[in-house]
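Keep in mind the model is a prediction, meaning the values are calculated, not measured. Order of the sequence lines fixes the chain letters, A, B, ..., with proteins taken first and strands second; residue numbering starts at 1 for each chain.
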Amino acid sequence: MSQPALPLESDPLSSSTTTAQSAAVYKADEIEPRWRERWEADRLYATPDDSDRPKWFSLTMYPYPSGILHIGHWYAFAVPDVFARFQRMRGYNVLFPMGFDAFGLPAENAAIRHNIHPASWTFENIDQMRGQYNQMGAMIDWSRQVITCSPEYYRWNQWIFLKMLERGLAYRKAGAVWWCPKDQTVLANEQVLDGNICERCGSEVVKRDLEQWYFRITEYVEELLQELDNLDWPERVKTMQRNWIGRSEGARLIFEVEGTDPLEVFTTRPDTVWGATFMVLAPEHPLVEKITTPDRAQAVEAYVTAARNQTEIERLSTDASKQKAGIFTGGYAINPVTDERIPIWIADYVLMGYGTGAIMAVPAHDERDFAFARTFDLPIRVVIQPDGETLDPATMTEAYSGDGRMVNSGHLDGTEVPASIPIVIDWLEETGRGKPEVNYRLRDWLVSRQRYWGTPIPVVYCDDCGMVPVPIDQLPVELPLDAEFTPTGQSPLVSHEGFLNTICPTCGKPARRETDTFDTFVDSSWYWYRYTSPHDDALPFDPAIAEMWTPVDLYCGGIEHAILHLLYARFFTKVLRDLGLVKHSEPFERLRNQGMILAEEGTKMSKSRGTQVSPDELVRQYGADSLRLHLMYLGPWDQGGPWNTRGITGMERFIRRVYGLVAETVEVDAGATADAETARKLERLTHKTVQRVTTDLLDFQFNTMVAALIEFSNGLNDLKTPELMAAPEWRDAIETLVLLMAPSTPYVAEELWEKLGQPYSVHTQNWPPYDPELARDDVVEVVIQINGKVRDRVVLPADASEESATAAARTAEKIAPALEGMQIVREIYVPGRLMNFVVKPR
RNA sequence: GCCGGGGUGGCGAAAUGGCAGACGCAUCGCACUCAAAAUGCGACGGGGCAACCCGUGGGGGUUCGAAUCCCCCUCCCGGCACCA
């Protein structure tokens with residue numbers, strides 16, 4: 001009688017084998033969702049304001065809700081998450097919040113293109129991205145979330161603005177500003193890239209005369225510059241800020257002008273004023289019209305118009321060494337030290353935006369003035385002679401800007417340059433010709449934008465009262481959600497009657513609302529304070545709670561914010577300090593920048609070329625833990641580099657090995673004890689690893705930290721025997737390994753901690769301590785060199801004396817014969833490392 | 001042009017005055033397997049049978065000893081660039 005074949009799953013033998021195996025096999029897709037739910041249910045990441053632990057505020061730049069997290073977001077956030085978790089285990093009460101920089105142009109563009117409201121588009125994206133952050137295993141307390149496009153948040157932008165208005169730190173001014181025709185808005189100077197390109201959309205921007213809102217950041221310029229010195233920030237970021245602020249010391253000099261007001265100039269080289277043979281004004285200079293003589297008027301006007309309409313290409317071609325363009329006004333000034341009549345020219349190499357918009361030209365000692373003088377055949381006079389050569393204006397081919405002695409300079413002839421500069425300034429001041437002056441490149445921050453999706457600027461315009469601020473108790477001025485988007489790109493606020501028409505708070509007559517909104521950099525200039533009391537409805541944040549959490553201990557983010565965001569944030573902090581809301585002056589004590597993840601071929605990741613890497617796909621395949629490790633392991637975090645997908649398998653293997661180690665360990669009945677030698681080996685390996693992992697994390701060296709973890713597990717595998725696994729020493733080592741992995745691989749560490757029978761949660765455990773004494777080797781391998789070349793090596797006790805080390809070295813197998821017939825000239829001993837015999841033939 | 005950062009095996013890298021290439025990837029060999037995957041063990045800068053020799057972008061220097069410090073050159077990346 002034939003029996004039907006049993007289905008596989010009902011075979012008792014085969015099914016039990018499967019169960020035993022599956023318990024020992026790592027399955028990320030089973031472990032990760034399970035713990036994620038548990039942590040969420042338990043509010044494991046809730047951050048209390050009242051704690052007896054010291055605080056640690058770890059901030060990472062919040063993202064723009066563009067729709068989906070890419071691998072760069074993971075790199076920027078998962079790695080700081082490791083550090084935040086590490087700090088939590090080290091005993092800190094860690095604030096590690098997250099929010100969304102939710103105002104901005106992409107939402108409006110999506111509205112126009114896909115007929116979806118910016119608010120819906122933004123909030124859908126936020127939902128999606130929050131889910132992805134959770135998947136990453138990020139330690140975020142979402143109850144503190146800040147979303148800048150919610151009235152709850154932006155009303156405080158308006159509040160801060162009104163306070164700034166009161167103090168004269170916000171003001172309206174007409175002037176030439178950058179306008180982007182594509183985005184239909186003005187831009188801050190900082191948002192215009194080289195070649196007059198819009199930072200956001202890449203189109204060419206133009207100058208327009210418009211009345212705009214500004215924040216008086218220049219009020220704080222000296223403080224913004226000086227306090228950089230005390231910040232623990234990457235040096236290159238500080239350098240970029242210093243360059244941007246552009247402080248230069250010099251003097252303001254007054255030149256009388258025939259027939260009109262005097263001209264003032266700023267110069268860093270007042271000692272060269274005897275060599276000023278002409279003057280140059282920027283084309284936009286207000287005195288151009290008055291100075292220009294009637295016979296020159298037509299030509300000057302033509303030049304000025306052309307200069308103002310210069311295109312990008314023409315601008316790029318104006319290189320300092322190339323021919324200079326300009327035109328003579330017909331007017332003359334008087335050199336204040338030589339009393340000579342000198343011609344006044346106009347040229348676009350003088351910028352209206354810097355100094356006074358006018359210069360004294362000293363062609364002999366300034367490269368640009370030299371080029372201009374040669375082009376227009378203007379006189380050149382040498383007033384500084386270098387040692388050892390004699391400059392002759394007739395034969396000079398370039399300006400001389402180095403040191404030397406003053407000549408042709410009246411009573412100051414012979415004075416040494418550069419010591420001459422303060423001497424000249426003093427004399428000019430005493431004689432009423434000028435005064436010392438410090439100039440900065442930094443301009444006030446243009447904050448108004450002709451866009452819809454941003455914070456409405458809370459002022460109204462009344463025919464009788466003029467510009468009137470909206471009273472604080474009427475905030476927020478809400479952005480109307482029933483806006484109509486048209487393809488013209490014009491802000492819908494301009495034609496929104498319901499928004500536009502209001503009542504003057506002062507006189508009660510009909511008035512018109514401001515339709516401009518704030519630059520989104522306003523939102524990000526103080527958002528971290530809001531995390532400390534995200535629901536406060538009396539002030540932007542509760543000063544007492546903020547005082548407890550801030551300043552931020554560690555700020556992580558991309559180098560692309562080196563100037564704009566970080567400078568504005570520093571400025572706001574000083575304003576908030578002066579408003580009495582915070583006590584400190586600097587918001588971010590330590591700053592660390594991550595590098596950029598490139599596509600595998602080393603170019604920028606691009607959607608159109610399909611070189612983008614999807615973290616979701618990698619999580620599905622390998623799990624978040626492996627991806628986190630892989631990102632840390634790519635190389636130094638601040639360096640970034642090309643992505644490679646293959647390497648992630650190594651991290652998965654590592655996790656699987658550790659998983660196997662723990663699974664095997666828990667199956668063994670405890671009871672045995674290890675022999676002394678093995679116990680010592682385990683102890684040393686454990687302490688060594690804790691030391692390496694701890695110091696690497698503190699130094700932000702995540703790649704070598706992961707290497708130390710891998711080496712630990714490899715070392716344990718090598719030592720592993722069935723007997724040892726039953727010993728308590730082994731168990732300690734395994735538990736330590738799991739604790740050390742907890743910040744890096746939060747999911748699998750939690751799983752293994754549970755398997756080891758330890759109390760939930762691994763993430764609330766203390767970071768394991770280490771003892772450098774116990775980490776130390778008791779025998780060392782000492783390299784023996786002859787004349788600096790490695791010839792042999794000997795194993796010695798770590799505490800071997802120099803005498804015994806030398807004796808051992810001399811008699812080492814390959815050394816003894818080599819020393820035969822040689823005279824030892826010198827012996828160098830580096831304890832525990834190296835012995836070098838310097839020898840010569842006898 | 002000026003200011004930073006960098007150049008180390010097939011690849012990512014480590015070592016910041018003392019054994020160059022830890023650790024990982026890829027590759028190759030072996031074991032396990034009917035087989036594959038997974039896993040485990042081993043090899044893995046170049047030359048040489050070997051003793052050894054050469055080797056950290058190139059050249060020079062300092063040092064007992066240099067990837068590491070100094071000088072010159074070169075290439076790559078980033079920032080700034082008529083700022084008076």
Side-chain angles (χ1 to χ4, degrees), chain A residues 21 25 194 234-240 242-244 246-248 250 253 265-270 272 276 280 282 315 318-322 324 347-351 353-362 365-369 371-372 439-442 559-560 562-563 595-596 598 600 602 629-630 633-636 638-654 656-657 660 692 701 703-712 714 717 781-793 814 824-839:
Chain A
Q21 272 175 353
V25 171
D194 199 23
E235 209 46 53
R236 57 177 173 155
V237 175
K238 296 207 255 184
T239 304
M240 282 162 82
R242 284 190 193 106
N243 290 343
W244 187 261
R247 182 183 202 273
S248 52
L253 303 185
V265 300
F266 172 74
T267 175
T268 55
R269 293 296 303 276
T272 63
V280 187
R315 227 162 219 279
T318 45
D319 174 313
S321 60
K322 287 192 183 146
K324 294 251 180 284
D348 63 0
Y349 83 89
V350 175
L351 310 173
Y354 186 79
T356 63
I359 61 157
M360 65 174 202
V362 184
H365 306 292
D366 181 281
E367 193 192 341
R368 298 150 300 179
D369 299 344
F372 194 81
N439 227 288
Y440 302 89
R441 211 182 79 118
L442 182 73
I559 187 78
E560 67 275 16
I563 299 175
M596 201 181 1
L598 304 171
E600 300 221 26
L629 284 177
H630 184 54
Y633 203 60
L634 280 174
D638 58 353
Q639 224 169 280
W643 171 258
N644 83 78
T645 298
R646 286 193 316 265
I648 195 170
T649 58
M651 299 302 107
E652 196 189 20
R653 277 177 208 157
F654 161 65
R656 266 210 287 263
R657 265 199 307 277
R692 283 177 65 188
Q701 285 170 357
N703 54 336
T704 51
M705 185 275 294
V706 174
L709 291 175
I710 295 172
E711 284 177 62
F712 191 25
N714 290 347
N717 252 323
E781 194 180 61
V782 173
V783 168
I784 311 168
Q785 299 180 334
I786 291 179
N787 290 340
K789 296 209 174 202
V790 179
R791 281 294 123 98
D792 206 345
R793 43 198 80 200
K814 290 178 186 161
I824 297 178
V825 184
R826 225 176 130 181
E827 288 174 3
I828 290 120
Y829 179 58
V830 182
R833 305 199 74 153
L834 168 141
M835 180 90 222
N836 187 14
F837 294 108
V838 184
V839 302

How is [X] classified with respect to the nucleic acid when contacts are heavy atoms under 4.0 Å: base, sugar-phosphate, or nothing?
X: A:Glu781; result: base
X: A:Val783; result: base
X: A:Ile828; result: base
X: A:Asn836; result: base
X: A:Arg833; result: sugar-phosphate
X: A:Gln785; result: base
X: A:Asn439; result: nothing
X: A:Arg791; result: sugar-phosphate
X: A:Val362; result: nothing
X: A:Pro636; result: sugar-phosphate
X: A:Asn703; result: sugar-phosphate

- Query: Do A:Asn714 and A:Arg657 have side-chain heavy atoms sitting under 4.5 Å apart?
  - Reply: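 The answer is yes; the side chains approach within 4.5 Å.
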
Looking only at heavy atoms, which two atoms of [X] and [Y] are closest? And how far apart?
X: A:Phe266; Y: A:Tyr354; value: CE2-OH, 4.0 Å
X: A:Val839; Y: A:Asn787; value: N-OD1, 2.9 Å
X: A:Val350; Y: A:Val280; value: CG2-CG1, 3.5 Å
X: A:Arg236; Y: A:Asp638; value: NH2-O, 4.3 Å

So which nucleotide from [options] ends up closest to the side chain of [X]?
X: A:Arg441; options: B:A81, B:C19, B:C25; value: B:A81
X: A:Thr704; options: B:C3, B:C64, B:A14; value: B:A14
X: A:Arg656; options: B:U39, B:A22, B:A84; value: B:U39
X: A:Ile710; options: B:G24, B:A13, B:C19; value: B:G24
X: A:Val350; options: B:C64, B:A84, B:C82; value: B:A84
X: A:Arg653; options: B:C82, B:C23, B:A26; value: B:A26
X: A:Val838; options: B:A22, B:G24, B:C64; value: B:C64
X: A:Thr239; options: B:G18, B:A26, B:C3; value: B:C3

- Query: What residues form a ring pair (Phe, Tyr, Trp, His ring centres under 6.0 Å) with A:Phe372, not counting sequence neighbours?
  - Reply: A:Phe278, A:Trp345, A:Tyr349, A:Phe376

- Message: Is it the case that the side chain of A:His630 and the backbone of A:Thr645 share a donor-acceptor pair, with hydrogens and angles ignored and the cut-off at 3.5 Å?
- Response: no

- Starting from the C-alpha separation in whole Å, work towards a yes-or-no answer on side-chain contact (heavy atoms from CB on, under 4.5 Å) for A:Glu652 and A:Leu629. CA-CA 9 Å; A:Glu652 196 189 20; A:Leu629 284 177; over 6 Å; no

Could you list the residues that satisfy side chain to side chain donor-acceptor pair (under 3.5 Å) with [X], not counting sequence neighbours?
X: A:Glu711; result: A:Arg692
X: A:Glu827; result: A:Arg810
X: A:Thr356; result: none

Expressed in whole Å, how much space separates the [atom1] atoms belonging to [N] and [M]?
N: B:G78; M: B:C30; atom1: C1'; answer: 48 Å
N: B:G46; M: B:A37; atom1: C1'; answer: 35 Å
N: B:U56; M: B:A50; atom1: P; answer: 23 Å
N: B:C53; M: B:G57; atom1: C1'; answer: 22 Å
N: B:C2; M: B:U62; atom1: C1'; answer: 29 Å
N: B:U27; M: B:G45; atom1: C1'; answer: 15 Å
N: B:G42; M: B:G55; atom1: P; answer: 31 Å
N: B:A43; M: B:A22; atom1: P; answer: 12 Å

Closer than 4.0 Å, any side-chain N/O of [X] to the OP1 or OP2 of [N]?
X: A:Tyr354; N: B:A84; result: yes
X: A:Lys789; N: B:C54; result: yes
X: A:Asn714; N: B:G24; result: yes

Between [N] atom [atom2] and [X] atom [atom1], what is the distance in whole Å?
X: A:Arg657; N: B:C25; atom1: CZ; atom2: C1'; value: 13 Å
X: A:Asp369; N: B:A84; atom1: CG; atom2: C1'; value: 7 Å
X: A:Lys814; N: B:A50; atom1: NZ; atom2: P; value: 14 Å
X: A:Ile824; N: B:C64; atom1: CD1; atom2: C1'; value: 13 Å
X: A:Asn787; N: B:C53; atom1: CG; atom2: P; value: 12 Å
X: A:Arg826; N: B:G18; atom1: CZ; atom2: P; value: 16 Å
X: A:Gln701; N: B:A13; atom1: CD; atom2: C1'; value: 13 Å
X: A:Tyr440; N: B:A84; atom1: OH; atom2: P; value: 13 Å

- Task: Could you summarise the pairing of RNA chain B as dot-bracket text, marking Watson-Crick and G-U pairs under 3.5 Å with ( ) or [ ] inside the strand and | across strands?
- Result: (((((((..(((.....[....))).(((((.......))))).(((....)))..(((((..]....))))))))))))....

Considering residues at least two apart in sequence or located in another chain, which fulfil the salt bridge (Lys or Arg N to Asp or Glu O under 4.0 Å) criterion with [X]?
X: A:Arg247; value: A:Glu222, A:Glu249
X: A:Asp366; value: A:Arg368
X: A:Glu600; value: none

- Message: Quick check: on RNA chain B, is the nucleotide nearest A:Ala707 upstream (toward 5') of the one nearest A:Ile359, or the reverse? Name the residue that is more 5'.
- Response: A:Ala707

- Message: On RNA chain B, does the nearest nucleotide to A:Gly647 precede the nearest nucleotide to A:Ala358 from the 5' side, or the other way round? Give the residue.
- Response: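 The residue mapped nearer the 5' terminus is A:Gly647.
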
Under 3.5 Å, which N/O atoms of the protein pair with N/O atoms of nucleotides 5-10 of chain B?
none

- Query: Does B:G5 sit syn or anti, given that only angles within 90° of 0 count as syn?
  - Reply: anti

